[in-house]
Amino acid sequence: SKATVSVLNWSAAHDTRRQPSTMPPGPWQPWVDENMVGSGQCAAGIIMTLEGAILAYSPCLQITQEEMTKIANALAITDQDTFETQLGMDGVTVSGAKYMLLRAFCEEGLVYCKLKQAGLCITRTGCLILIGVYTNGITPGQCNMCVEGLAEYLVEQGY
């Protein structure tokens with residue numbers, strides 16, 4: 001069954017990224033298929049561990065382990081200036097497409113990127129990284145609310 005996901009009101013109080021991560025249990029594919037893509041607010045999605053191990057993803061994405069490891073490593077940075085510089089210089093690559101950094105918030109582990117009419121919302125929880133992709137027909141705000149809301153729900157569930 002689908003979990004109800006509320007709109008995120010993220011704050012530093014929810015920042016659990018400095019806690020050690022563990023491999024989360026359970027099937028993660030329904031979270032991408034039903035809660036992200038099935039909501040109509042993401043064209044595609046990815047859920048992975050803080051170490052970059054892919055747990056679930058949309059089959060339309062041709063993601064590589066190297067891409068996911070780079071994202072995980074960037075989200076492990078704890079200094080805002082370094083965080084923005086790293087992501088700003090390198091951008092974020094998903095499925096071979098290089099997205100330009102729009103905004104990055106180190107404390108929240110939140111990143112927004114854009115490539116033409118498409119974009120990404122990336123956020124982290126205590127042990128997961130969620131990536132939502134938007135394309136034509138989906139607004140950045142819809143994707144952001146979906147991904148951040150799902151992250152909030154997962155944080156509340158201990159992830």
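Using a 3.5 Å distance cut-off with no hydrogens or angles, the side chains of Gln142 and Thr139 do pair a donor with an acceptor. No hydrogens or angles considered: a donor-acceptor pair under 3.5 Å links the side chains of Gln29 and Asp33.
Side chains of Gln62 and Ser95 form a contact here, defined as non-hydrogen atoms less than 4.5 Å apart. Side-chain contact check for Phe105 versus Tyr112: some heavy-atom pair is nearer than 4.5 Å. Inter-residue side-chain proximity for Asn35 and Tyr153 is flagged as unmet; no heavy-atom pair is nearer than 4.5 Å. A 4.5 Å side-chain heavy-atom check between Cys127 and Thr49 finds every atom pair outside the cut-off. Counting heavy atoms from C-beta outward, Ile46 and Val94 have side chains that approach closer than 4.5 Å. The closest side-chain heavy-atom distance from Leu150 to Met36 is below 4.5 Å. Side-chain contact between Leu87 and Ile77: absent, with no pair of heavy atoms (C-beta onward) separated by less than 4.5 Å. Inter-residue side-chain proximity for Val133 and Tyr99 is flagged as met; some heavy-atom pair is nearer than 4.5 Å.
Residues satisfying the side-chain contact (heavy atoms from CB on, under 4.5 Å) criterion with Thr85, sequence neighbours excluded, are Met89. Checked against side-chain contact (heavy atoms from CB on, under 4.5 Å), Lys70 has the following partners two or more places apart in sequence or in another chain: Asp90.
A distance of 9.5 Å separates CE in Met48 from CG in Leu55, rounded to the nearest 0.5 Å. In this structure, the separation between CG on Leu154 and OG1 on Thr125 is 6.0 Å, given to the nearest 0.5 Å.
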Evaluate the criterion side chain to side chain contact (heavy atoms under 4.5 Å, CB included) for residue pair Leu50 and Ile129; output intermediate values, then yes/no. CA-CA 6 Å; Leu50 295 182; Ile129 296 172; 3.8 Å; yes
With side chain to side chain contact (heavy atoms under 4.5 Å, CB included) as the test, would you mind laying out the steps for Asn136 and Ile138 before giving the verdict? CA-CA 6 Å; Asn136 289 335; Ile138 300 172; over 6 Å; no
Determine, step by step, whether Val92 and Ile71 satisfy the side chain to side chain contact (heavy atoms under 4.5 Å, CB included) criterion, reporting the C-alpha distance in whole Å, the side-chain angles of both residues, the deciding distance to 0.1 Å, and the verdict. CA-CA 7 Å; Val92 175; Ile71 292 169; 3.8 Å; yes
In sequence, state the C-alpha distance, the side-chain angles, and the governing distance for Tyr57 and Trp28, and then conclude on ring pair (Phe, Tyr, Trp, His ring centres under 6.0 Å). CA-CA 9 Å; Tyr57 67 98; Trp28 290 99; over 10 Å; no
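Judged purely by atom type and a 3.5 angstrom limit, Thr93 has no side-chain atom pairing as donor or acceptor with the backbone of Gly96.
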Identify every side-chain donor-acceptor pair in residues 113-121 under 3.5 Å, counting partners at least two apart or on other chains, and give the distances.
from, atom 1, to, atom 2, distance (Å)
Lys114, NZ, Lys116, O, 2.8

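Between Arg103 and Leu101 the shortest heavy-atom distance is O-CD1, 3.4 Å.
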